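Not measured: the values here are computed from a predicted model. Naming convention: chains lettered A, B, ... in sequence-line order (proteins, then strands); numbering from 1 in each chain.
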Amino acid sequence: MTSVSGVPVTVPASAGPGDTRDRLLEGLNPQQREAVEYRGPALLIVAGAGSGKTSVLTRRIASLLASREAWPSQILAITFTNKAANEMRERVEALVGQKAEGMWISTFHSACVRILRREAEHFGFTRNFTIYDSADSRALIKRIVKDLDADAVGLTVSAVANKISKLKNELSDVESYARQANFNDPNEVMFLECFRQYTRELQRANAFDFDDLLAQTVYLFRAFPGVAAIYQRRFRHILVDEYQDTNHAQYSLIRELTRSPEPEALGPGDTNVRILDDRGSVPPASLTVVGDSDQSIYAFRGADIRNIVEFERDFPNTKVILLEQNYRSTQNILDAANSVISNNFDRKDKKLFTTIGAGEKIVGYTGYSGHDEAQFVADEINALHKSGIAYKDMAVFYRTNSQTRALEEIFIRSALPYRIVGGTKFYERAEIKDVMAYLVCIANPADPLALRRIMNVPKRGIGPATEAALQAHADRDEVSLRESMRSVELLGLGPKVTGAIRELVDLLDELTGIQEKTMVPNLLQTLLERTKYIDALRASRDPQDEARAENVEELLAVAKEFQRNNPGGRLLDFLTEVALVAAADELDDSSGTVSLMTLHTAKGLEYEAVFITGVEEDLLPHRMSAGEPGGPAEERRLFYVGITRARKRLYLSLAMTRSMFGDVSVAMPSRYLQEIPPELIDWRQSPGDATSRGGTQPRALNARREKFSYGGSLPPGPSATRPAIRQHEWANKVTNQVRDNGDLTLEKGDRIRHVDFGDGRVVDVTGAGTKRIAEVQFDTAGRKRLLIKIAPIEKL
DNA sequence: TGAGCGGGTTTTTTT
DNA sequence: AACCCGCTCA
């Protein structure tokens, strides 16, 4: 195999058989080819949106393997989501025509878990540690804040949680924070105590939070050079995607991995002599990073744009390759994107271009309310679908998760198949967290958080008083909560409670004992049967509990699926996988549904048609970003990311009024709309129209009109001289009324009256049972699809 | 112990 | 509007 020296070489290296090399470079432009074939210590690929970076990265790995420059086990590729990782692995394997066993392609977090599971014993953890998600961390912090009465100095749970997270991303720990803390500030002293206790509790629980996964791995490498050396020797080629969104901890991890291992750390058993250079030491791994500073949207969780901006300075002998040709979007979409992002000063100018052609104009729409806007989106999706675009090729983006409500209500009513990516996730549901907590108790008996969660679920008469008694016993004897349950008979509790605790702890211990040799679905099945968890839900009077029972059964199906994909997988692997699923991982490409997601989740994805909703001040840019330095610029990048997801059709929509916290407030068009050349937008209903209705709307909207010019895109003639906008143009003032029509039946030709849309005629009826859908041509509001059972309609 | 009620708070984005 | 919390009463 070719040795990798520290000297940059542009490789004409025998990239395997010629035809393999040709295949790897097929269809690539010169810059892309160079990005695949360049060899050297450090490569920065500045890849604009849609410039084919994933393809380049994939082929670069394939090229390393095909030319035998690297074994699969010497490659570490970091992607942003697990889904991207799986896709990349499949594509590499397809390119090199073999299973690339031993190749690490994963997210930062997954890679760190893998390392920590192997090495946790070095520093006081065991390999079966629990991973606390943000909700778990919050729960723990909440307890601590309460115990310490930190409210008293104005510390809230979220303030503490955010600050701890931020510090960990900066690789600060309790000691380093304490060294520079101001001890005259009671708030800071209290925070320090919270931080200290939180850290101690995690350690005791044998648990890491999300931020620890990164920070503790860095700590591990720094504190144990021998451990670091294992990975420094092993990984010869490190590739990082979405580098603009790395935070300091991630940056440091990469730094550690691309160091030469210290010579004394090389054990005598080190047989990997092939990679030794002339001086007898192991050269650092080569590093490839791909990113686009215009798409940096995670500063709020510590991403530091300087990591990419200063990459060349950080890593000497860096080769930089720019990919500017866009293969995704039409020129109109790119022009809009370019002109929006050009308003961010302090960036290297770069302009995306395409040879695809101008394409359709961007469509703009201003709704009366969020529901109205949603109705527009639904109608357009319906029209696009009829024109031949599959549901799965369309997506609706929004800034905040709360915007899903109106969209969902309308989509359900319009009988559109949709799916929300992310948001309130499956694994965040209480019943799923309960069952997962049982599994955590089985895997990691030291974890008291999980144990407390399930202690009295389902109800078995173990209340707070009993729990406190157990905890007191645990504290006194300095044992775990689990251990104190084992000696429950010594506590002098009532016979009923004692019996319940005995039963629970015996069950947990029994399952802990067999977890290593039991299939996950079987373990889960046994658990559910013995705890009667599902039975308890089914017996409940709350009608929602039936749905919860179904969710738990769904989890069982997930476990079976996991076992199918990982025949050797054990409980610990299952828990790891579940803990690290990201929103974008849930995406099922084959599903015939419209995808709804936040702009953040949309990163890295692309669709034929994209709807960006809520393009309003205080939403995009979000109100909360105004105070942050660099906030508005980051929001602009977010908008840019959204725009550049679209291949052919882009819709921008907003509403004049938006309900928040239960009451309605007036919304203003986003400043970013003015940054798009007016001739690129075809306003179906512009903010100008929306405010010229006269009469009842708040003054602020009328005032706003003067400041907004939508150029030639307005319908001809000043609004005042047009016959007053007739009521029917506002016929779609959609309310959120829903009703149950029982078994109302409609047939083609029936006349109906709709609360929002007025009168209309049924032109088609499809579907069956409760899913019967009427296609209605309204006299004034256009054509709509309605779910007959719930639409606010009556037959005339 | 646990159901039910009233009052306060909430929404930025995520691994 | 929806959720969480703490309090009261059975």
- Message: With a 4.0 Å cut-off on N to O distance, would you call Glu201(A) and Arg143(A) a salt bridge?
- Response: no
- Asp209(A) vs Lys168(A), salt bridge (charged side-chain N to carboxylate O under 4.0 Å, His left out): CA-CA, chis, key distance, verdict: CA-CA 10 Å; Asp209(A) 66 20; Lys168(A) 286 187 176 183; 2.8 Å; yes
- Using 30° and 60° as the class limits, which term best fits the ring planes of Tyr672(A) and Phe639(A): parallel, tilted or perpendicular? parallel
- Message: Is there, by distance only and without an angle test, a donor paired with an acceptor across the side chain of Thr601(A) and the base of dT14(B) below 3.5 Å?
- Response: no
- Query: Which of the following nucleotides, dT12(B), dT14(B), dG6(C), is nearest to the side chain of Lys146(A)?
  - Reply: dG6(C)
For nucleotides 2-5 of chain B, print each protein N/O atom paired with a nucleotide N/O atom at under 3.5 Å, atom names and distance only.
| from | atom 1 | to | atom 2 | distance (Å) |
| --- | --- | --- | --- | --- |
| dG2(B) | OP2 | Asn456(A) | ND2 | 3.3 |

- Item | Among dT13(B), dT12(B), dT15(B), the nucleotide that comes nearest once only the side chain of His600(A) is considered | dT13(B)
- Item | Pairs involving residues 454-471 of chain A, ordered by first then second residue, that meet salt bridge (charged side-chain N to carboxylate O under 4.0 Å, His left out) (sequence neighbours left out) | Arg452(A)-Glu467(A)
- Looking at the side chain of Ala465(A), which of dT1(B), dT11(B), dT13(B) is the nearest nucleotide? dT1(B)
- Pick base, sugar-phosphate or nothing for Phe80(A), based on heavy-atom distances below 4.0 Å to the nucleic acid. nothing
- Answer with yes or no whether Thr400(A) presents, from its side chain, a donor or acceptor under 3.5 Å of a partner atom in the base of dT12(B). no
- Note on the structure: Closest non-hydrogen contact found for Thr79(A) with Ala84(A) is CB-CB, 4.0 Å
- Query: Do NZ/NE/NH1/NH2 and the carboxylate oxygens of Asp245(A) and Lys603(A) come within less than 4.0 Å?
  - Reply: yes
- Query: When Watson-Crick pairs (N1 to N3 and N6-O4 or O6-N4) and G-U wobble pairs (N1-O2 and O6-N3) count only below 3.5 Å on both distances, what is the dot-bracket string of DNA chain C, with | for other-strand pairs?
  - Reply: ||||||||||
- Could you tell me whether Glu634(A) and Arg637(A) have a side-chain N and a carboxylate O separated by less than 4.0 Å? yes
- Can you check whether Phe300(A) stacks with the dT13(B) base, using ring centres under 5.5 Å and planes within 30°? yes
- Please state the C1' separation for the pair dC4(C) and dT13(B) - nearest whole angstrom. 23 Å
- Proximity of Phe300(A) and His622(A) rings by center, below 6.0 Å: no
- Message: As a test of reading the structure: which of dT15(B), dT13(B), dT11(B) is closest to the side chain of Thr598(A), going by heavy atoms?
- Response: dT13(B)
- May I ask you to verify whether the side chain of His109(A) and the base of dT15(B) hold a donor-acceptor pair under 3.5 Å? yes
- Message: Looking only at the side chain of Phe661(A) (C-beta and beyond, no hydrogens), which of the listed nucleotides dT15(B), dT13(B), dT11(B) gets closest?
- Response: dT11(B)
